[in-house]
There are 2 protein chains.
Amino acid sequence: MANIHDVARVAGVSISTVSYALSGKRPIGEKTRRRIDEAVRELDYMPNAAGRMLAGTRTRIFALTAPLRSDTYAPAHMAFVLAVATAARKYDYDVLLLTEDEATDGLHRVSSSRLVDGIIVLDVSLHDERADLVRSLGVPAALIGVPADTEGLVCVDLDFEAAAGLAVDRLVDAGHRSLALLGHPPMVYERGSNFPMRFRDGFLRRAADRGVRASFSMVEKDAPHVRTALAGVLDADPAPTGVVVHADEGVHKAVLEAIAARGLSVPDDLSVIAGVPTFDTSGFTPPLDAIPLIPADSCTRAVELAVQQLDGTVEPRVELVAPKYRDHGSVAAPRPGS
Amino acid sequence: MANIHDVARVAGVSISTVSYALSGKRPIGEKTRRRIDEAVRELDYMPNAAGRMLAGTRTRIFALTAPLRSDTYAPAHMAFVLAVATAARKYDYDVLLLTEDEATDGLHRVSSSRLVDGIIVLDVSLHDERADLVRSLGVPAALIGVPADTEGLVCVDLDFEAAAGLAVDRLVDAGHRSLALLGHPPMVYERGSNFPMRFRDGFLRRAADRGVRASFSMVEKDAPHVRTALAGVLDADPAPTGVVVHADEGVHKAVLEAIAARGLSVPDDLSVIAGVPTFDTSGFTPPLDAIPLIPADSCTRAVELAVQQLDGTVEPRVELVAPKYRDHGSVAAPRPGS
DNA sequence: CTGAAAGCGCTTACAG
DNA sequence: CTGAAAGCGCTTACAG
């Protein structure tokens, strides 16, 4: 396999000229550049990664630590992993995958050995040991998700409060005066990430700000529970006319089935918005308005922030990505008199 | 950050002695070793990855190319990715993740730049350009899945024919004389991987060998189709008393529901086996016998074969992993007289 | 059992 | 606009 000396020899220049020509870090004469390009092509030369890593200041590799916990929804998880890898490539970075059982040891290993330039931390829980490790390692890192203690960390996440606010606004603007939030099972609020709480709080706060009634219920995943919970919610007086669902895909479907089973139609009898789904709600029956959690958004920003840290100019921060509303026709004005 | 010279100085030895002490590639005197260990601990020394890669013959990184196609079942995909990463760590290897859009370019890049020692190819389709690329690159590689042309390649996969044979044997041994296979939708057999065909062929061949009747139907994913397809299959004369399902999770559940809806009970009226599920069938109602596709099995073997290629001793081959039967009580003798 | 030294393939001041 | 050379941090023959 050809190395930089081969290219230099064939092109009749020095290796430093070859290096500069390839990196573009200094201007190269027209003819020289052409001869080098030709030699590179002729020899099918590609710079050796190890040589580059050792001489340069960058490895051009990020570690990605992505635990797969039992409560992880695999399709979303996969989407985040791919979004990070895709974003990294835009900056000429590769992604080294660290698994759950290697979480802390692996981070230690790849950063101490300088295998990676930085770390992207996925699926951050409230008390995540990886957050503490990243802090103590002092290595460039970006977390996707917000831990309890964000001191000294760079975090990126969807603005779940604003997302909930957006849902409330949409419903209130359409004329609804009584809203309900169907949330995850209690277990989800007790441990794990904090975004379900942030969504709930954003919902209740915005409803209060707008002066409308709002209820919040936690719903177990199985269809019978969903039916019962929905019945309880809709039998309230005054009955909510706008419902926001923040739960997993199955619960969304079960909610829609339960609504249909009650003889109600969306959006004529009831307006429904999907909270922050990681799945597509436009194919549901009926299609559901949504404020989706878009992996590419947070992941791209996280990678960007990691890259910027290498140039040494990023203050610790929590950056919240603005939510976007996707209209699929599941919100309408409430029935007159309801 | 400390380097090998620091360790050598603190320990009062040469850097080569430090290197050998850490690699264990030559015997080191008792006291010397202790002094080195102490220096390493004191300085929190960890060898620099780039230095190691450049001087040594290994990068200790494998590339993992894992496309996420539209017909990919994310949980299974994720499980394979994690199984590769976990297996790699056992050999002190890290895994670099290559995404779909980088499939061939990425493979070219990481192997030409010698960033990786080898490649693990996941989710191999019948005519997979990555297979051709791996062949032409001549880089150590192990494919998980079997492409149409395996010339010069090292492939690992579950023995789907044997898996189907196992299912047939189990049913025939229990006394069944008429079997049915409910397979994937036609689209799956037309393109993509070849394992559905291998399972189907294994099923039909073993049934013929054992001298029992066997039918094969392709089933669309939606519940109504599943009901119709099941009805068609069970109304045959003589009606099958043993059914093997090779489809995705939703279809399995729909099949069980359709069976229950017909007033039939498993295994008393009908014996049912899940083909090669990537999901857990022991929590189904009723729990289903299965011959599962176990990611760790093929992935561990693939990593092993990739590692062995670095020592230069692996002939091209297709290695099929033996299937295992998991009994959950969904197979019984057919009703007398049926 | 241990050390001095070459060399892996680059990048980047330094010099012209 | 270009080159000679040092140096990144290791591994590994070579030598004793």
Side-chain angles (χ1 to χ4, degrees), chain A residues 1-37 39-40 43-61 92 109-117 310-311, chain B residues 1-37 39-40 43-61 92 109-117 310-311:
Chain A
M1 200 158 270
N3 66 18
I4 198 172
H5 287 99
D6 299 324
V7 176
R9 186 164 20 76
V10 170
V13 297
S14 73
I15 63 159
S16 56
T17 301
V18 174
S19 177
Y20 283 119
L22 293 178
S23 70
K25 286 191 183 171
R26 81 180 182 192
I28 302 288
E30 172 70 8
K31 310 191 76 143
T32 312
R33 151 149 286 136
R34 250 207 313 279
R35 287 217 308 283
I36 292 175
D37 284 352
V40 165
L43 297 170
D44 195 21
Y45 170 70
M46 178 142 252
N48 178 287
R52 232 174 188 178
M53 284 162 73
L54 188 55
T57 55
R58 303 284 162 82
T59 68
R60 304 219 80 92
I61 301 176
D92 245 309
R109 179 170 56 78
V110 298
S111 65
S112 304
S113 66
R114 304 223 147 285
L115 215 201
V116 306
D117 292 338
L310 300 174
D311 305 327
Chain B
M1 202 157 269
N3 65 20
I4 197 172
H5 287 98
D6 299 323
V7 176
R9 186 165 20 78
V10 169
V13 298
S14 72
I15 63 160
S16 57
T17 301
V18 173
S19 178
Y20 283 119
L22 292 177
S23 70
K25 287 190 182 170
R26 80 180 181 192
I28 302 289
E30 173 70 9
K31 310 189 80 142
T32 311
R33 150 151 286 137
R34 249 207 315 277
R35 286 216 308 282
I36 291 175
D37 285 351
V40 164
L43 298 170
D44 195 20
Y45 171 69
M46 178 142 253
N48 177 287
R52 230 173 190 179
M53 282 161 74
L54 188 55
T57 56
R58 302 284 161 82
T59 68
R60 305 218 81 92
I61 300 177
D92 246 309
R109 179 170 55 80
V110 299
S111 66
S112 304
S113 66
R114 305 222 145 285
L115 216 201
V116 306
D117 292 338
L310 300 175
D311 306 326

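Sequence lines set the chain letters: A, B, ... in the order given, protein chains first and strands last, and positions in each chain run from 1.
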[N] [atom2] sits how many Å from [X] [atom1], rounded?
X     : N      : atom1 : atom2 : result
B/R35 : C/dG3  : CZ    : P     : 8 Å
A/Y45 : C/dG9  : OH    : C1'   : 7 Å
B/M46 : D/dG9  : CE    : P     : 16 Å
B/L22 : D/dT12 : CG    : C1'   : 15 Å
A/R60 : C/dG9  : CZ    : C1'   : 17 Å
A/R26 : C/dT12 : CZ    : C1'   : 9 Å
B/N48 : C/dG9  : CG    : C1'   : 14 Å
A/K31 : D/dT2  : NZ    : P     : 11 Å

Check every atom of [options] against the side chain of [X] and return the nucleotide holding the closest atom.
X     : options               : value
A/P27 : D/dC1, D/dG9, D/dT2   : D/dC1
B/A55 : D/dA4, C/dG3, C/dC8   : C/dC8
B/S14 : C/dA4, D/dC14, D/dA4  : C/dA4
A/I4  : C/dT11, D/dC10, D/dG3 : C/dT11

I want to check one thing: is the phosphate of [N], taken as OP1 and OP2, less than 4.0 Å away from some side-chain N or O of [X]?
X     : N      : value
B/K25 : D/dT11 : no
B/S19 : D/dT11 : yes
B/N3  : D/dG9  : yes

Output the distance between atom [atom1] ([X]) and atom [atom2] ([Y]), rounded to the nearest 0.5 Å.
X     : Y     : atom1 : atom2 : answer
A/S23 : A/R52 : OG    : CZ    : 8.0 Å
A/L54 : B/M53 : CG    : CE    : 10.0 Å
A/I28 : A/R34 : CD1   : CZ    : 13.5 Å

> In the strands shown, is D/dG16 matched to any nucleotide by a Watson-Crick or G-U wobble pair with both distances under 3.5 Å, and which?
Replying inline: C/dC1

> Of A/T57 and A/M1, whose nearest nucleotide on DNA chain C comes first from the 5' end?
Replying inline: A/M1

> Do the side chain of A/R114 and the main chain of B/N48 share a donor and acceptor less than 3.5 angstrom apart?
Replying inline: no

> Quick one: does A/S113's side chain have a donor or acceptor within less than 3.5 Å of a partner on B/M46's backbone?
Replying inline: no

> Ion pair present between B/D6 and B/R9, side-chain N to carboxylate O less than 4.0 angstrom?
Replying inline: yes

> Base, sugar-phosphate, or nothing for B/I15, non-hydrogen atoms under 4.0 angstrom?
Replying inline: base

> Taking the nucleotide of DNA chain D with the closest heavy atom to each, which residue, B/L54 or B/Y20, is nearer the 5' end?
Replying inline: B/L54

> Does any N or O donor sit under 3.5 Å from an N or O acceptor when you compare the side chain of A/S16 with the base of D/dG3?
Replying inline: yes

> If you take atom types as modelled and just measure distance, does the side chain of A/R52 reach the base of D/dG9 with a donor-acceptor pair under 3.5 Å?
Replying inline: no

